[in-house]
Undergrad: 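One structure follows; several queries about it will come next.
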Amino acid sequence: MENYSITLSVKSTAAQVFSALTQHIPLWWTSTYHGSAANVGDQFTIKFGNNVVKTMEVMSLVEPTKVVWLVKEALIDIPQLQNKAEWAGTTISWLIEDDGDRTWLNLEHIGLTQAFECFDICTAGWLQFTESLKKFIETGQGNPY
């Protein structure tokens with residue numbers, strides 16, 4: 001099964017994209033953020049209300065081209081899902097490629113496949129938050145939860 005992936009074209013530098021993924025997560029993903037994503041081995045927790053909580057560990061940083069997070073713990077406690085911890089053990093990989101006047105950002109959520117119960121809900125969430133990330137990088141103002 002194919003992993004979920006999406007590629008964005010961002011009017012920005014690779015360094016600014018890398019910074020958004022390592023220093024500014026609360027400004028584009030969710031304002032309920034604790035921890036750090038700045039160094040390999042760092043952990044951070046994000047929350048979306050009381051029912052969705054995810055803890056990530058930074059597995060790899062190659063400035064300014066790559067960011068990789070391992071989902072250590074996950075709770076997606078919504079009525080539509082039986083398996084509320086599906087994200088646990090998945091990997092979120094961000095590849096950043098500077099192309100002169102724009103930067104390409106590829107997100108691959110390794111393990112998030114169509115076999116996942118949350119696939120439709122989770123991919124809709126990724127679309128929402130990658131658009132917020134793009135807006136944050138280009139304008140300084142995202143739309144975090």
Undergrad: Under 3.5 Å, side-chain donor or acceptor atoms of residues 23-35 against the rest of the protein: list the pairs with distances, not counting sequence neighbours.
TA:
{"unit_1": "H24", "atom_1": "NE2", "unit_2": "S19", "atom_2": "OG", "d": "3.3"}
{"unit_1": "W28", "atom_1": "NE1", "unit_2": "A20", "atom_2": "O", "d": "3.0"}
{"unit_1": "T30", "atom_1": "OG1", "unit_2": "T32", "atom_2": "N", "d": "3.3"}
{"unit_1": "T30", "atom_1": "OG1", "unit_2": "K47", "atom_2": "O", "d": "2.7"}
{"unit_1": "S31", "atom_1": "OG", "unit_2": "Y145", "atom_2": "O", "d": "3.4"}
{"unit_1": "Y33", "atom_1": "OH", "unit_2": "A37", "atom_2": "N", "d": "3.3"}

Undergrad: Applying side chain to side chain contact (heavy atoms under 4.5 Å, CB included), can you list everything that pairs with P64, at least two apart in sequence or on another chain?
TA: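 So P64 forms a side chain to side chain contact (heavy atoms under 4.5 Å, CB included) with A14, F18.
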Undergrad: Look up atom OG in S12 and atom CD1 in I96, then write down how far apart they are to the nearest 0.5 Å.
TA: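 S12 atom OG to I96 atom CD1 measures 10.0 Å (nearest 0.5 Å).
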Undergrad: Decide side-chain contact (heavy atoms from CB on, under 4.5 Å) for S9 and L105; before the verdict, give the C-alpha distance in whole Å, the side-chain angles of both, and the deciding distance to 0.1 Å.
TA: CA-CA 6 Å; S9 172; L105 175 59; over 6 Å; no
Undergrad: Is the closest side-chain heavy-atom distance between C122 and I76 below 4.5 Å?
TA: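 SC-SC contact between C122 and I76 confirmed.
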Undergrad: Tell me the side chain to side chain donor-acceptor pair (under 3.5 Å) pairs involving residues 115-124, sequence neighbours left out?
TA: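 Counting only pairs at least two positions apart or across chains, no side chain to side chain donor-acceptor pair (under 3.5 Å) contact touches residues 115-124.
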Undergrad: How far apart are the closest heavy atoms of W87 and C118, and which atoms are they?
TA: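 Minimum heavy-atom separation between W87 and C118: NE1-SG, 3.8 Å.
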Undergrad: How long is the straight-line distance from CD of Q16 back to CD1 of I137, given to the nearest 0.5 Å?
TA: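 It is 8.0 Å, given to the nearest 0.5 Å.
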Undergrad: Taking salt bridge (Lys or Arg N to Asp or Glu O under 4.0 Å) as the cut-off, I'd like each qualifying pair that reaches into residues 96-105, sequence neighbours left out, listed once.
TA: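 Counting only pairs at least two positions apart or across chains, the salt bridge (Lys or Arg N to Asp or Glu O under 4.0 Å) contacts touching residues 96-105 are D99-R102.
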Undergrad: Report the residues that fulfil side chain to side chain donor-acceptor pair (under 3.5 Å) with T45, sequence neighbours left out, ordered by chain and then residue number.
TA: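 T45 satisfies side chain to side chain donor-acceptor pair (under 3.5 Å) with T55 only.
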Undergrad: Linking I/L/V/M/F/W/Y whenever any side-chain heavy atoms sit under 4.5 Å apart, do W94 and V40 land together?
TA: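 They do share one cluster, since a chain of ILVMFWY contacts under 4.5 Å joins W94 to V40.
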Undergrad: In terms of hydrophobic clusters joined by side-chain contacts under 4.5 Å, are I121 and L75 together?
TA: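 No; L75 is not reachable from I121 via cluster members.
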Undergrad: Evaluate W104 against T7 for side-chain contact (heavy atoms from CB on, under 4.5 Å), listing each step before the verdict.
TA: CA-CA 7 Å; W104 294 99; T7 300; 3.8 Å; yes
Undergrad: Tabulate below the donor-acceptor pairs under 3.5 Å that side-chain atoms of residues 107-115 make, not counting sequence neighbours, or state none.
TA:
{"unit_1": "E108", "atom_1": "OE2", "unit_2": "N3", "atom_2": "ND2", "d": "3.2"}
{"unit_1": "H109", "atom_1": "ND1", "unit_2": "W126", "atom_2": "NE1", "d": "3.0"}
{"unit_1": "H109", "atom_1": "NE2", "unit_2": "T90", "atom_2": "OG1", "d": "2.8"}
{"unit_1": "T113", "atom_1": "OG1", "unit_2": "A115", "atom_2": "N", "d": "3.3"}

Undergrad: Considering non-hydrogen atoms only, spot the tightest contact between N106 and S5 and give its length.
TA: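 For N106 versus S5, the nearest heavy atoms are ND2-CB, 4.4 Å.
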Undergrad: Taking a hydrophobic cluster as the set of Ile, Leu, Val, Met, Phe, Trp and Tyr residues connected by side-chain heavy atoms closer than 4.5 Å, whether directly or through intermediates, do V68 and I92 fall within one such cluster?
TA: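 In one cluster with V68: I92, no.
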Undergrad: Could you work out, with side chain to side chain donor-acceptor pair (under 3.5 Å) as the rule, every residue matching T103, not counting sequence neighbours?
TA: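 In terms of side chain to side chain donor-acceptor pair (under 3.5 Å), with neighbours along the sequence ignored, T103 is linked to no residue.
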Undergrad: Honestly curious: do Y4 and M59 fall in one hydrophobic cluster under the side-chain, below-4.5 Å linking rule?
TA: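 Each belongs to a different hydrophobic cluster.
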Undergrad: Sort and list the pairs that fulfil side chain to side chain donor-acceptor pair (under 3.5 Å) and have at least one residue in residues 62-73, not counting sequence neighbours.
TA: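 Of all non-adjacent pairs touching residues 62-73, those that pass side chain to side chain donor-acceptor pair (under 3.5 Å) are E57-K72.
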Undergrad: How close do A74 and A88 get, counting heavy atoms only, and between which atoms?
TA: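 Smallest heavy-atom distance, with atoms named: CB-N, 3.6 Å.
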Undergrad: My understanding is that only residues two or more places apart in sequence, or in another chain, count here; which of them pass side chain to side chain donor-acceptor pair (under 3.5 Å) with S60?
TA: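 Checked S60 against side chain to side chain donor-acceptor pair (under 3.5 Å); zero matches.
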Undergrad: Please evaluate residues V53 and I46 with respect to the criterion side-chain contact (heavy atoms from CB on, under 4.5 Å), reporting the C-alpha separation (whole Å), side-chain torsions for both, the decisive distance (0.1 Å), and the verdict.
TA: CA-CA 6 Å; V53 181; I46 55 172; over 6 Å; no
Undergrad: Using the test side chain to side chain contact (heavy atoms under 4.5 Å, CB included), find all partners of Q141 that sit at least two apart in sequence or belong to another chain.
TA: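 So Q141 forms a side chain to side chain contact (heavy atoms under 4.5 Å, CB included) with T139.
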Undergrad: Show, in sequence, the C-alpha distance, side-chain angles and deciding distance for S132 and N143, and conclude whether the side chain to side chain donor-acceptor pair (under 3.5 Å) test is met.
TA: CA-CA 5 Å; S132 176; N143 293 317; 5.2 Å; no
Undergrad: Could you list the residues that satisfy salt bridge (charged side-chain N to carboxylate O under 4.0 Å, His left out) with K84, not counting sequence neighbours?
TA: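 Checked K84 against salt bridge (charged side-chain N to carboxylate O under 4.0 Å, His left out); matches are D77.
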Undergrad: With sequence neighbours excluded, tell me which residues meet side chain to side chain contact (heavy atoms under 4.5 Å, CB included) with E138.
TA: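 E138 satisfies side chain to side chain contact (heavy atoms under 4.5 Å, CB included) with V10, K11, K134 once adjacent residues are dropped.
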Undergrad: Flag yes if I6 and L21 sit in one hydrophobic cluster, no otherwise; membership is Ile, Leu, Val, Met, Phe, Trp, Tyr, and two members link when side-chain heavy atoms are under 4.5 Å apart.
TA: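 Yes, I6 connects to L21 through the hydrophobic network.
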Undergrad: Apply the test side-chain contact (heavy atoms from CB on, under 4.5 Å) to residues L61 and T22: give CA-CA distance (whole Å), side-chain angles for both, the deciding distance (0.1 Å), then the verdict.
TA: CA-CA 9 Å; L61 294 175; T22 58; 3.7 Å; yes
Undergrad: If every non-hydrogen atom of F48 is compared with every non-hydrogen atom of K54, which pair is closest and at what distance?
TA: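 Nearest pair, atom of F48 first, then K54: CE1-NZ, 4.4 Å.
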Undergrad: I'd like to know whether the aromatic ring centres of F136 and F129 sit less than 6.0 Å apart in this structure.
TA: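 Aromatic pair excluded; centres sit 6.0 Å or further apart.
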